[in-house]
Amino acid sequence: MKVISNSGKLLERTKTLSKILSLYELNQLIKSIFDTALPQTFLVTAEIASLDIKNHCFLTLVDKDKETIRAEMKAVIWASTYKTLSVEFKEAAGIELNKGIKILFEAFVDFHERYGLKLNIIKIDPSYTIGELAIRRKEILERLTKEGLKDKNKQLEFPLVPQRIGIISSATAAGYEDLLNHLKNNPYGYKFHCRLYEAIMQGDKTEASIINALNQGRHDASYLDVLVIVRGGGGQADLHCFDNYEIAKTIAFLPLPVISGIGHERDITVVDEASNTRVKTPTAAADLIITRVKDFEDRIDSLSHSLVHATNKITANLKETLSFFIKNFESSIKKELFNSYHMLNALIKRLNFSFKIIRTERERLQSKEGNINHLNPQNVLKRGYSITYKNGKAVKSESEVKTGDSLKTTLYKGELISKVESKHSA
Amino acid sequence: MNDAPSYKNAIEEIESIVNEIENESVDIDVLAQKVKRAAFLIKLCRKRLKTTDNEIKKILKEFKKGDEA
């Protein structure tokens, strides 16, 4: 049988065969042509447009030029092959075989009478996929950098006390539960207020779902301090969902800082790069938050100590100054008092001395007075003496009088007029 | 919670008061008032980390009463 190159020639052939073929017979014909013409395997690159696992793995492969599909083909990985192949691929590439990724594979071209044309994949090269993912990631990152979006979320100040947490995750995700438990049971007794914004974290609906959740978070921004994206628990699946331009762009324009806790060990995805902070696990996200709050509490404690210390210092100073002044005051007063006392004493002494003098003089005067009194003629008269006058003159001698003279005698009381009867000399 | 200062404002105010006191640039008369304010903010921050909104509202009420007294 010759190789048929176009349908025109086929019709000619059948005409010459003068036989009508059943579809089955036609397909058998086609199958044998394929088996003969293309017995070998081919190394092919393509993108997985869809993937369905029903024991065997059925794929639709496409070849795109920019966004336009220029080739399409169905493929199959038979169950026995798929078992080992999928595990090997996942271990090597870090992701599972899934829609959206590009692969380099080795396959037979199979035509089956019943099922038509399919590629039978026997081997896949993970490093090509890794390379492709890396290239795509790099391209997205470059675009984000060029548009100034890559570091925008990092410019937001990470809150001092991240207490109100918006979590973007799937409610059933183990990561979400881990995060909640860790926060709830933190060893310091901090209270966190968490709100879940549900999203699908794998598959082709991831982009729209996460963007929607992020926008809900934006809407509640005034009641939140931070957003956290957590995923998974176990598997490595679908990291490439997070190498996504639109999600990164949404994050860039959020008014809240985003913690990316997507939970993978090796790669840094675009979402990781676009977020404010990235952590490796949901638990690490909780720790980051708790540590931040602890730092704040430590700062408060330190300020509290400083306040007490500084205040005590001031009051101690005041007390000291006051007691110093009081002591000073006391000694000054004492001095003043002492001086005054001293002066007073001196004055008193002088006064006493003056009194003494006065007394002495008075005594002297008194004795003089006594003398005077004693010599006072009146007092002499009192004692019985009298004064005899002749013609107004006091008589002191008998020679001053003659017998028969008239004499006046002053007594203490009264006077006498007398005549001299006789006289005698002393 | 609208009348409660934010964590950031609270800690900035506390720091400012502590600095003033440490620099001894505070009048004696004002000292007691400032210490009281700082102590209140410290208490509020500490409480807020570990309790619900309702308890915070209570603390705020108490403090306002104390001021009016």
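Numbers restart at 1 for each chain; the letters A, B, ... are given by sequence-line order, proteins then strands.
If you measure heavy-atom distances from A:Leu160 to chain B, the contacts under 4.5 Å come from the side chain alone. Heavy atoms closer than 4.5 Å to chain B are found in the side chain of A:Ile314, but not in its backbone. Heavy atoms of A:Phe192 lying under 4.5 Å from chain B are absent altogether. Of the atoms belonging to B:Leu31, it is side-chain heavy atoms, and not backbone ones, that fall under 4.5 Å from chain A.
With rounding to the nearest 0.5 Å, the separation of CD1 in B:Ile14 from OG in A:Ser302 is 11.0 Å. The structure places CD1 of B:Ile21 at 4.0 Å from OG1 of A:Thr311, a figure rounded to the nearest 0.5 Å.
Of all the heavy atoms in B:Val18 and A:Ser306, the pair that sits closest is CG1-CB, 3.7 Å. The two residues A:Leu307 and B:Ala38 make their nearest non-hydrogen contact at CD2-CB, 3.8 Å.
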Let me check something: any side-chain donor-acceptor pairs from residues 290-301 of chain A under 3.5 Å, sequence neighbours excluded? List them with distances.
| unit_1 | atom_1 | unit_2 | atom_2 | d |
| --- | --- | --- | --- | --- |
| A:Thr291 | OG1 | A:Asp287 | O | 2.7 |
| A:Arg292 | NE | A:Pro159 | O | 2.9 |
| A:Arg292 | NH2 | A:Phe158 | O | 2.8 |
| A:Lys294 | NZ | A:Asp298 | OD1 | 2.7 |
| A:Lys294 | NZ | A:Asp298 | OD2 | 3.3 |
| A:Glu297 | OE1 | A:Tyr190 | OH | 2.6 |
| A:Glu297 | OE2 | B:Lys50 | NZ | 3.3 |
| A:Arg299 | NE | B:Glu15 | OE2 | 3.3 |
| A:Arg299 | NH2 | B:Glu15 | OE1 | 3.4 |
| A:Arg299 | NH2 | B:Glu15 | OE2 | 3.1 |
| A:Asp301 | OD1 | B:Arg46 | NE | 3.1 |
| A:Asp301 | OD1 | B:Arg46 | NH2 | 2.5 |

List the atom pairs, with distances to 0.1 Å, where a side-chain N or O of residues 326-335 of chain A and a protein N or O form a donor-acceptor pair under 3.5 Å, not counting sequence neighbours.
| unit_1 | atom_1 | unit_2 | atom_2 | d |
| --- | --- | --- | --- | --- |
| A:Ser331 | OG | A:Asn328 | O | 3.0 |
| A:Ser332 | OG | A:Asn328 | O | 2.7 |

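Residues of residues 211-223 of chain A placed with any heavy atom under 4.5 Å of a heavy atom in chain B are absent; none qualify.
Environment of NZ in A:Lys154: crowded, with over 12 heavy atoms of neighbouring residues, nucleotides or ligands closer than 6.0 Å. The number of heavy atoms from other shown groups lying within 6.0 Å of CZ (A:Arg278) does not exceed 12.
Residues that satisfy the salt bridge (charged side-chain N to carboxylate O under 4.0 Å, His left out) test with B:Glu13, not counting sequence neighbours, are B:Arg37.
Ranked by heavy-atom pairs under 4.5 Å with chain B, the first of A:Val308, A:Leu318, A:Leu303 is A:Leu303.
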